[in-house]
Amino acid sequence: MLRKIVRRLIRIYYPSIHISHPERLPKEGATLYIANHSNSLIDPVIIGITANRPVRFLAKAPLFKTPVLGAVMKSIGMIPAYRGQDDKSSSSVRRNVESLNVAGENLAKGLPMGIFPEGKSHDMPHVEQVKTGAARIAQRAYELIEGNGPIWIVPLGLNFEDKARFRSRVWVSVAEPVDAAAWFAKHKGKEKQAMRELTHTLDERIKSVVVHLEDARWEPLLNDLEWLAPTYESEEKIAPVAQVQRRKNIADAINHFEAVDADRAEAITAKVAAHHEALGQAGIRISSPLLRYSGLALVGRQFLKTVRVMFGLPALVGTLVHLIPFLLVRVTAPRFQLPGKATVSFYRLIFGLPFYGGWYVGAWFLLNHYTGYETATMCVTVLPLLGVFSFHYWLNASEVVRSLREELKLIFDSERLARLREENRAIKKEIAALGEEFRAAFPDRFSD
């Protein structure tokens, strides 16, 4: 029951969770799910939704000492992992081996297990070094079942459009599973070698389904390249999460050209960085409509956006109604969040539920006192929908305001705007040539 409740709550924050290759997910039997780890305690829930099974995870031991949360984690079968960075004592290694053995024993019983082999949650758009924990769990299960059935290790890529943002989209990509039982049987007598090679294989498969950059220097430019690179129809394209899939294609293209033509990749890097700086000095973003449209096309797009924000009264009402719980969440959650974005959505959800829930209950009692049961119930039912509408309204309104501000900055400097547009087109042309080469190198990824 607790799992069902938590999964429904996560779907409030992330209503669009799309899964690629769900046919690769075993419906029963010994299955170990492994994934990248970018969104703290939200990630295990996303995996549970994907697997549609009661997955038990290894989680860092300090979490089990947290009031309430620790008891909840134990109740759903999670296992403490004793990491060296959390516990400097000599016993941490022994205790961690014991935890891995417990996970292996559960796996041998056919219980679905989960582990994040990077060992920590982080914000970077790349996979950190994959550790041997998953291979050790699978090996322990193999020893116990003695070749009686497969042991599936399923690598998952958890890709968030914007993990900190409410109602952002999530793309879960399922890689080709590995039968660990067959793997260890093939390498019988060479267990250490088998474990190393299996860990390497799992590392490659996780990287194949996430937004992963081999060179961290490209990270600040990834967003720019999303606006500069051409758009191709991917074979795996899912419309609601196409933006995240496009981001992965760009990251893979960067890795490819870094490997086969590093000098050319470095030259493009320098041009994109210089263009970014020039745009910043002009006070416009690389995503600005000013760089893509002109004349009537630009005016028409701005008019349509402005029309969309003309319905401001309902959004204003929704904002005022939700202002107090919104401020409470924004003030309280940062006191507990760790640096970066990895825990933002978790704590906003943790504090948002009681604050907004209490606010709605209080609103119901107040309305019931003055208007009656039916009116109070109808109004409180509409309030969450009004809140969601207001959230999306202000996102669109802020975009319109930014666009208009950018236009006003350059409206009397046509020469500078023309120069920036020409520079933008030239860089896009070079990147398009690289895109065609990447498409030719990996034709199975794209459709005509």
Side-chain angles (χ1 to χ4, degrees), residues 1-18 39-43 45-46 48-49 68-69 72 160-170 239-241 243 304-337 341 343-402:
M1 182 182 69
L2 182 60
R3 282 193 178 94
K4 288 182 179 180
I5 292 172
V6 171
R7 289 176 186 179
R8 289 184 181 276
L9 293 177
I10 293 300
R11 281 195 172 275
I12 294 175
Y13 203 97
Y14 299 113
S16 298
I17 301 175
H18 295 270
N39 204 2
S40 186
L41 291 173
I42 301 291
D43 289 336
V45 186
I46 300 292
I49 292 170
V68 182
L69 178 61
V72 170
F160 295 84
E161 186 177 65
D162 184 351
K163 63 186 176 185
R165 198 185 76 203
F166 178 56
R167 296 186 67 78
S168 180
R169 293 162 176 165
V170 184
V241 290
Q243 179 181 338
L304 291 175
K305 283 186 177 180
T306 305
V307 168
R308 288 173 62 186
V309 299
M310 287 175 62
F311 301 97
L313 184 58
L316 182 60
V317 172
T319 301
L320 293 175
V321 167
H322 292 90
L323 187 60
I324 290 178
F326 174 82
L327 292 176
L328 285 172
V329 172
R330 291 305 174 102
V331 170
T332 307
R335 298 176 182 272
F336 297 86
Q337 293 165 195
K341 297 182 178 180
T343 59
V344 172
S345 57
F346 174 72
Y347 282 107
R348 284 184 181 176
L349 188 60
I350 287 294
F351 289 102
L353 289 171
F355 287 151
Y356 280 93
W359 186 254
Y360 292 147
V361 170
W364 184 90
F365 277 107
L366 183 65
L367 290 169
N368 183 55
H369 177 75
Y370 288 103
T371 65
Y373 176 84
E374 291 184 359
T375 302
T377 302
M378 182 179 67
C379 289
V380 172
T381 301
V382 170
L383 283 182
L385 301 177
L386 184 60
V388 171
F389 168 79
S390 302
F391 170 78
H392 287 289
Y393 172 88
W394 293 120
L395 282 180
N396 187 64
S398 62
E399 171 61 27
V400 171
V401 171
R402 281 196 298 266

Minimum heavy-atom distance between [X] and [Y], given as atom pair plus value:
| X | Y | result |
| --- | --- | --- |
| Leu383 | Val321 | CD2-CG1, 3.6 Å |
| Val344 | Ala164 | CG1-CB, 3.8 Å |
| Thr381 | Thr377 | OG1-O, 2.7 Å |
| Ser390 | Thr319 | OG-N, 3.7 Å |
| Tyr13 | Arg348 | OH-CD, 3.7 Å |
| Ala315 | Trp394 | O-NE1, 3.9 Å |

Do you know which of Ile350, Ile324, Val329 makes side-chain contact (heavy atoms from CB on, under 4.5 Å) with Phe355?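 Of the listed residues Ile350, Ile324, Val329, the side-chain contact (heavy atoms from CB on, under 4.5 Å) partner of Phe355 is Val329.
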Could I get the full list of ring pair (Phe, Tyr, Trp, His ring centres under 6.0 Å) partners for Tyr360, not counting sequence neighbours?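 Tyr360 satisfies ring pair (Phe, Tyr, Trp, His ring centres under 6.0 Å) with His322 only.
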Verify side-chain contact (heavy atoms from CB on, under 4.5 Å) between Ser345 and Asn39, making sure each step is shown before the conclusion. CA-CA 8 Å; Ser345 57; Asn39 204 2; 2.8 Å; yes
Any donor and acceptor pair, going by atom type alone, linking the side chain of [X] with main-chain N or O of [Y] inside 3.5 Å?
| X | Y | value |
| --- | --- | --- |
| Ser168 | Asp162 | yes |
| Asn368 | Trp364 | no |
| Thr375 | Gly372 | no |

Looking at Phe160 versus Tyr14, is the centre-to-centre ring distance below 6.0 Å?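 Ring-ring flag for Phe160/Tyr14: true, centres closer than 6.0 Å.
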Pair Leu9, Ile12 - check side-chain contact (heavy atoms from CB on, under 4.5 Å), show working. CA-CA 5 Å; Leu9 293 177; Ile12 294 175; 4.1 Å; yes
Within a reach of under 6.0 Å around NZ of Lys341, are more than 12 heavy atoms found that belong to other residues, nucleotides or ligands?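 Counting other residues, nucleotides and ligands, NZ of Lys341 stays at 12 neighbours or fewer.
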Take the angle between the ring planes of Phe351 and Phe336 and call it parallel below 30°, perpendicular above 60°, tilted in between.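 Ring orientation of Phe351 relative to Phe336: tilted.
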Step by step, would you call His18 with Arg169 a side-chain contact (heavy atoms from CB on, under 4.5 Å)? CA-CA 8 Å; His18 295 270; Arg169 293 162 176 165; 5.6 Å; no
Quick one, Ile49 with Arg11, criterion side-chain contact (heavy atoms from CB on, under 4.5 Å). Give me CA distance, side-chain angles, the key distance, then yes/no. CA-CA 9 Å; Ile49 292 170; Arg11 281 195 172 275; 3.3 Å; yes
